[in-house]
Amino acid sequence: MSRPAAPPWLAHAFRAQRGPVPWSAVTRGALAAGPLLLAGVLGGRTSVGVLAAVAAMLAGINDRPGSRRASVRRLGVPALAGALGLLVGTYAGQGMTAVPLALAFTGLGLVAGGVSAVGPVASAAGTQLLVAAAFGAGMPVAESGWQRALAFLAGAGWLMLLRLALPSPGSPAGDFRFDGERAAVADVYDAIAALLDAAGGPHATARRAALTAALDHAQDALGGPRLRRYAGSSAERRLQARYAAALPLAEAATALFWVGEPVAARASEGPRRLAAAVRGDTPAGPLPAPRVPRAGLRLRAAVPVTPALRALDDALLRAAQAFDRADGAHHRLIARRLGVRDAARAVFGAGGREYGLRVALCFGGSAAIAQTLHHTRWYGHHEHWYWLPVTAVFLVKPDLGPLASRVLCRAAGTVLGALVFAALAALLPRPAGLFLLVAVCGALVPVAVRHFAALTAVITVLVLALVMVGGEPQASVSRIGETLLACALVLVVGHLPVPGRRGGAVKARLATAGTAAHAYLAHVLGDPGHPADGAGRRAPSGPADLAGRWAQEEPADRARPAKGGPADRAARPAKGGPADRAARPAEDGPTSGVPARCDDRPERWALRREAYRALAEARTAIALAAAELPALARHTEGTDAVAEVLERLVDTTTACAVHLDDTGRLTPRHVRQLRAALTELELQGMRVPAPAA
């Protein structure tokens, strides 16, 4: 007799991320908070050292794997927000009484919560803004607000300096500046190889999702802030060219995944050799091309493998050209960046409004409760009341897991951390033992981020050690009580009805994914008789016309002789001859061999990346919502089915793009699947409109 399965919210609480120990991040954590605290104490500015160590701890939570350039934004933007929050909180705590302060914190929470809906970096910035504001108001010290803000920036800046200056294990000798970018781009080629190996098997869908994640990570790694418009060094230009060369390979591999039949094992050897070349920063060397069936061989009906295999072969050849260049080409990263309008749409959309309102209620309510406890001497004779609002801020973050799981993990982690600290504080010598404890906890943060309870326990020990050095007495029992109060508050607020539709954040993500899928579909299936830029396209009359006209008509400008036939061979210029050289563009790259004015593939790849990325974000939000308590999970029922249909639509659109590049028309299978996906989306209540003129 099998055991009954645990409910999703409980199962999520026992689930942890897996992976190798990030030793470089562990080293940075050990060199950050502990030494900063020691420097402050030795310099006679203990409170400054405590604030710098707190900033380094918060930056360590955001210190994730990736490129150094991307870490500037990932660590720097939240640090600036934290300094602003500390400044605001300090002056608000000094000049406001309890009721105005609670109202001010409510407004600050509304703003920070709305901004957090923009993306991961904005979410981290909103969190640090509120946490630092609570520290500024609830942990009075002698320094002024601007001095505390500078100390906060110094602590976060120290960790950022360690992130930029220290090499990672396994970096190439002499040049470790781009080791994060190299690892990310190499992972893309490995993911392509894994997808080719899994094509036609039961794990193919998971491998396609892994390829999307690898491309997202590489895009973030290469797309960090820069002072110049283009890459300044040859090493960086090579990496961008190699990332660009992976996009047509990923497109061809996705088309083969859509076909649903196994691919020859040798097809994945080329991407794996390219991955090794990226990691070693070496030329590609000889690549085994996949065995392409000859034109004229009869394949089983409705299995268009030949165009996809030819696309893979062509992409490998062009990747080899890009890898063999000593210096990369000057071009922008192939990606569509979010603009101000996109950010504003996220802030003021349904998801931003709902999250902002819940954060405002939790942060303002927790500040009011903390003020009440402070004035009734719950904390004793000291004036530190920051713990309850800080706990509420971390608990209300949905990207840390489902609400019930967050509450359970936070409560368990706080109890464990407080008990461990109480035991260690009684045994360790002071203050040297506390310095050592802060350094050890700083080193554990990069590992503990894999599970919210573990992270809570480590941070609890670290913060209690910091504030004890700063003069606060041992208060483990009161911190447990405040944590339980914050858990109860966030649970109540999380179940309160809010204006608008429930589950707005998930539905907003799904709507964004639908819009991106429509843009990609419109670009691929625009009017075949017009230029690729979309000027003068005829608007299809509906989904049937959208998919069907490619199968019904073959325009004169797309008509071509049979692949490999006599007319085709006669029409091709001799390899290496004058006509062949004249037809090639001056700059090698993933689109070389195609006139730049009529090649729209970079735009197509950018749209494809945006569609898959939006779908991945929607899938993550749906999975978290499905693991909530039943009272909350019911508001997002059925969204996973819509996401699945959208994924099928984007996969089919990718297969259509590859097939149209090769033959100029779609097969009946493409048309059927497009029509089926569009019809099913309409039945699910989401209409992906046909491209407009």
Side-chain angles (χ1 to χ4, degrees), residues 51 54 58 81-116 125-141 144-145 148-149 152 347 352-398 403 406-407 410 414 463 467 472 475 478-499:
L51 285 173
V54 168
L58 293 174
L84 176 62
L86 195 61
L87 191 67
V88 171
T90 299
Y91 290 119
Q94 292 173 353
M96 292 183 177
T97 57
V99 174
L101 182 62
L103 293 176
F105 273 21
T106 302
L108 192 64
L110 182 66
V111 174
V115 170
S116 297
T127 299
Q128 286 204 26
L129 175 71
L130 299 182
V131 168
F135 272 115
M139 193 170 66
V141 293
S144 63
R148 302 177 79 182
F152 191 93
V347 172
R353 293 196 306 269
E354 179 182 345
Y355 183 53
L357 186 58
R358 295 193 188 282
V359 173
L361 292 175
C362 288
F363 193 53
S366 62
I369 296 173
Q371 287 281 288
T372 302
L373 296 176
H374 168 61
H375 289 293
T376 56
R377 294 296 182 183
W378 168 278
Y379 304 104
H381 295 287
H382 60 87
E383 299 181 348
H384 295 174
W385 54 266
Y386 58 87
W387 190 274
L388 203 157
V390 167
T391 301
V393 170
F394 281 109
L395 276 173
V396 80
K397 281 178 66 65
L403 176 59
R406 295 197 305 268
V407 168
R410 184 74 187 188
T414 301
V463 172
V467 295
E472 179 181 313
S478 64
R479 297 316 181 206
I480 293 175
E482 292 172 81
T483 298
L484 295 179
L485 278 174
C487 290
L489 173 66
V490 174
L491 268 177
V492 171
V493 173
H495 287 79
L496 287 177
V498 294

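Arg406 places no side-chain N or O within donor-acceptor distance of the main-chain N or O of Phe394, the cut-off being under 3.5 Å. Checking side-chain atoms of Arg148 against main-chain N and O of Gly136 turns up a donor-acceptor pair under 3.5 Å.
Distance CZ/Arg479 to CG/Leu388: 9.5 Å, rounded to 0.5 Å. In this structure, CG on Leu101 lies 5.0 Å from CD on Gln371, to the nearest 0.5 angstrom.
Phe363 and Leu108 make their closest contact through CE2-CD2, 4.5 Å (heavy atoms, listed as atom of the first residue, atom of the second, distance). Nearest heavy-atom pair across Phe152 and Ala132 is CE1-CB, 4.4 Å. Closest approach of Gly93 and Ala137 over heavy atoms only: CA-CB, 4.0 Å. Here the closest heavy-atom approach between residue Ala368 and residue Ala102 is recorded as CB-CB, 4.0 Å. The minimum heavy-atom distance linking Pro389 with Ala370 is given by the pair CD-CB, 4.0 Å. Taking each heavy atom of Ala149 and Ala83 in turn, the nearest pair found is CB-O, 3.7 Å.
When Leu110, Leu130, Thr106 are each tested for a side-chain contact (heavy atoms from CB on, under 4.5 Å) with Val359, only one passes: Leu130. When each of Leu489, Leu395, Leu361, Leu485 is paired with Ser366, the side-chain contact (heavy atoms from CB on, under 4.5 Å) condition holds for Leu489 and for no other.
Two residues are said to be in side-chain contact when any heavy atoms from C-beta on lie closer than 4.5 Å; Leu403 and His495 meet this criterion. Thr391 has its side chain out of reach of Glu482: every pair of non-hydrogen atoms, C-beta onward, lies at least 4.5 Å apart. By the 4.5 Å heavy-atom criterion applied to side chains, Leu129 and Val111 are not counted as neighbours. Side-chain contact between Met139 and Trp387 is absent, with no heavy atoms from C-beta onward closer than 4.5 Å.
Ring geometry for Trp385 against Phe105 counts as tilted: the plane angle lies between 30° and 60°, on a 0 to 90° scale.
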**OP:** In sequence, state the C-alpha distance, the side-chain angles, and the governing distance for Leu86 and Leu51, and then conclude on side chain to side chain contact (heavy atoms under 4.5 Å, CB included).
**Re:** CA-CA 10 Å; Leu86 195 61; Leu51 285 173; 4.3 Å; yes
